[in-house]
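First up is the structure itself, then whatever we jot down about it.
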Amino acid sequence: MATVALTPSLAELSPLRRTDTTLSVGIVGTGRQGRAILQELQQIEGVEIAAVCDVDPGRLKRATRRVRGLTGYATVEELLEKESGVQAIVIATPTHLHREPALAALEAGKHVYCEAPLAASVEDSAALAAAARKSDQVFAVGLLARSNPIYKLARSFFRSGSLRDLVSLRAQNFQKTSWRNTSPDPEREKALNWRLDPRISLGLPGEFGTHQFDAYHWFLGRYPTGVRGSGSVRVHKDGREVADTVACDLVFEDGLHLAWQSTLGNSYDGRYEVYSGSMASFKLAWTAGWMFKEADAPTQGWEVYANRQTFHNDQGITLIADATKLAAQGKLEQGVGLPSPPVHYALANFVEACTEGAEVNCSAEEGHRATVVGICASRAVTSGDDVLIDPELFDLR
Amino acid sequence: MATRFELVLEAEGEARQRGIAEEVFEEIRHCEASWSAFARESVISRVNREAHGSVVVVDSATFELLEEALRVAVQSDGCFDPTLGVLMERHGFRGAQEEGAGTGSWGSSAVQLDPQTRGVSLGAEGLRLDLGGIAKGRALDLAAEVLRDHGVERALLHGGTSSVLGLGAPAGLPGWRVALSSDDGAPIAVLRDRALSVSASTGRASAAGGHIIDPHSGAPCQLSAMAAVISTSASLADAWSTALCVAGERVLSLPSDCQALCQGPLQGEPWRPGGTLTDQFILPTQPAQGQALPA
């Protein structure tokens with residue numbers, strides 16, 4: 001079997017946005033994701049980070065010391081009041097705390113980029129998406145597959161029928177981490193461990209699964225109709241109730257299944273999605289992607305320029321944009337992989353939408369539908385029941 | 001970087017210890033992802049790809065690290081140089097080589113930084129940043145801040161054993177005791193809210209010599225070269241230990257928050273430095289429990 005690494009066009013990979021317009025941005029929530037966003041936004045030309053805010057003083061300090069002269073606030077209200085020139089707000093608070101600051105930002109006339117899942121309840125998610133739809137401001141959701149240049153390229157192959165008849169979908173997100181946060185202040189520590197609180201956490205299916213399920217939604221152009229799941233605490237036996245290891249089976253109307261597994265107890269092979277069809281398979285791993293061709297798949301012209309890799313028993317071929325030029329320079333290897341982290345491309349799209357009117361890659365409605373699927377998967381794991389994904393849940397009132 | 005980091009910390013309860021350690025290593029992974037010359041998606045790799053003949057805007061933390069690296073390059077009279085990527089490739093310290101690897105130039109004077117825009121440009125064909133130890137040191141400094149944020153008062157953290165940071169001191173001791181080498185009789189450095197960096201060519205070597213390159217000649221330093229620096233800043237300790245290792249017998253003027261523990265070639269067994277050895281922070285023999293820090 002042959003493997004083809006998917007590499008997007010050089011124009012798409014260019015990590016810098018070039019614009020004469022400056023966009024003033026505030027970031028709400030400076031945990032890990034907020035800080036990652038802070039770093040990436042600084043590398044997008046035309047973006048000025050005006051301020052950040054977080055209720056946790058330790059996290060706020062970790063963000064403000066990363067950027068010389070950056071102002072920090074404790075609340076979004078304070079940020080919106082004192083930084084009236086801010087044009088866009090990034091919401092990177094815990095999932096169950098997206099709604100309030102996002103609505104406040106929209107009401108203040110700011111563009112909003114909201115991390116995914118949109119909310120921890122269908123009600124909050126729908127309310128947020130409905131408000132975004134009514135607003136004239138840009139609203140983008142951080143479901144990163146839709147902005148990832150490698151995924152875009154793979155999707156174009158997928159949509160043109162390269163895999164032919166789909167037979168299997170499977171994905172995983174394996175990490176070795178406890179999900180436990182600490183703080184010298186016990187109250188803060190409790191708040192920081194929201195992902196381990198079964199009353200508000202969507203667990204692994206919501207926090208991790210939503211992003212990967214949405215990649216399938218985007219490729220297939222449809223949503224699963226039901227999900228079953230199971231989970232248990234297999235490694236981090238520290239009194240937690242939220243499962244550290246889960247498996248979900250999402251079913252589509254035509255009988256296609258997506259098998260997804262996730263754990264916090266092992267990191268082997270990390271995070272990826274596989275799409276298997278009768279002519280080929282994709283394996284997409286966020287910063288790299290490959291196509292595994294069946295022996296009877298037709299040969300395509302671009303394979304002439306492909307770089308070859310070996311995966312166990314399979315010899316792979318790497319597809320590289322501008323392969324002719326790079327091959328002439330002896331630099332084919334340099335075309336493999338994503339030049340910037342995946343979140344960079346979603347933020348660049350958001351900035352382009354704010355400054356130049358570009359269409360957002362993930363709208364509030366799409367974010368809501370993905371959130372609903374994540375919530376249903378979470379319910380399936382916690383209840384052990386088969387959960388129907390009622391299309392009415394996608395409706396915005 | 002691409003090296004192993006290890007952490008010892010004092011905190012109540014295993015879950016809490018694990019939680020803090022995970023945040024520390026998350027910070028280090030973040031540094032690695034930003035500053036590694038090996039990772040394609042790193043900020044440094046992007047500068048190396050795109051900053052020839054144009055300006056690449058980088059994040060504030062990366063910009064400040066580059067400012068510090070260039071400052072040490074000037075202060076050390078070029079003995080430390082963050083642009084030796086080409087030479088590391090040429091001398092076989094960067095793994096499998098692609099065609100064309102090892103060709104290009106070096107010299108930190110060709111790196112231009114614009115503090116107004118945080119813009120970086122590389123003014124010479126083929127010039128490539130390779131921050132090496134100074135990035136590892138900065139990762140230790142940022143990791144120590146995470147520990148302090150969590151109220152940790154006693155911890156020891158190292159990157160690749162050559163860069164060590166001691167936060168506070170073990171209970172009842174004046175500081176964390178770290179031997180300058182694994183050889184018998186090696187002096188013991190005492191770290192209390194200090195970082196130690198030991199640079200020695202013997203760590204990795206190719207046919208041409210050790211992995212520390214002399215920017216003036218473009219050749220590896222002799223295998224016996226070594227230096228150790230202690231500082232409140234692990235990044236400065238790393239940069240200056242490299243500079244002193246390259247300088248050999250030349251005298252360099254270190255900034256006030258750095259102190260050279262030793263500088264000079266290794267001379268046989270038992271461990272005995274051939275160059276200077278300061279006694280501050282150094283225990284002359286294996287200390288007994290509770291031994292006072294030398295004046």
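Computed over heavy atoms, backbone and side chain alike; hydrogens, waters and symmetry mates excluded. We name chains A, B, ... by the order of the sequence lines, and we start the count at 1 in each one.
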In sequence, state the C-alpha distance, the side-chain angles, and the governing distance for A:Arg66 and B:Ser60, and then conclude on side chain to side chain contact (heavy atoms under 4.5 Å, CB included). CA-CA 6 Å; A:Arg66 281 178 188 229; B:Ser60 193; 5.8 Å; no

Note: vs chain A, highest number of non-hydrogen pairs under 4.5 angstrom among B:Arg148, B:Arg18, B:Glu26 is B:Glu26

Is the closest basic N to carboxylate O distance between B:Glu145 and A:Lys61 below 4.0 Å? no

Could you tell me which of B:Ala39, B:Ala15, B:Ala33, B:Gly119 has the largest number of non-hydrogen atom pairs under 4.5 Å with chain A? B:Ala15

Take B:His30 and A:Arg35, measure what side chain to side chain contact (heavy atoms under 4.5 Å, CB included) needs, and give me the verdict at the end. CA-CA 10 Å; B:His30 181 81; A:Arg35 293 194 300 273; 5.9 Å; no

Of all heavy-atom pairs between B:Glu23 and A:Arg32, which one has the smallest distance, and what is that distance? CG-NH2, 3.7 Å

CD/B:Glu67: more than 12 non-hydrogen atoms of other groups inside 6.0 Å: yes

Going from CZ on A:Arg65 to CG on B:Leu142, what distance comes out if it is rounded to the nearest 0.5 angstrom? 7.0 Å

Check: B:Glu41 side chain, A:Thr287 main-chain N or O, donor-acceptor pair, under 3.5 Å: no

Do A:Gln42 and B:Val58 pass the side chain to side chain contact (heavy atoms under 4.5 Å, CB included) test, and can you show the C-alpha distance, the side-chain angles, and the key distance before you say yes or no? CA-CA 7 Å; A:Gln42 289 178 73; B:Val58 301; over 6 Å; no

Most contacts with chain B, counted as non-hydrogen pairs under 4.5 angstrom, among A:Asn181, A:Thr177, A:Leu38: A:Thr177

Does one side chain, of B:Arg118 or A:Gln43, offer a donor that lies under 3.5 Å from an acceptor on the other? no

B:Glu153, CD: over 12 other non-hydrogen atoms inside 6.0 angstrom: no

Which bit of B:Val146 comes within less than 4.5 Å of chain A, counting heavy atoms only: side chain, backbone, both or neither? both

State the CG-CD distance between B:Asp59 and A:Glu40, to the nearest 0.5 angstrom. 8.0 Å

Side chain of B:His150, backbone of A:Pro184: donor and acceptor closer than 3.5 Å? no

Would you compute the distance between atom CG of B:Asp149 and atom OG1 of A:Thr182 and round it to the nearest 0.5 angstrom? 10.0 Å

Taking all atoms of both residues into account, what is the closest heavy-atom pair of A:Gln39 and B:Val43, and its distance? NE2-CG2, 3.8 Å

Shortest non-hydrogen pair, B:Arg16 vs A:Ser183, comes out as NH1-O, 3.4 Å

Between B:Gly19 and A:Ser178, what is the shortest heavy-atom contact and its length? CA-OG, 4.5 Å

Determine whether more than 12 heavy atoms belonging to other residues, nucleotides or ligands lie under 6.0 Å from atom CD of B:Glu6. yes

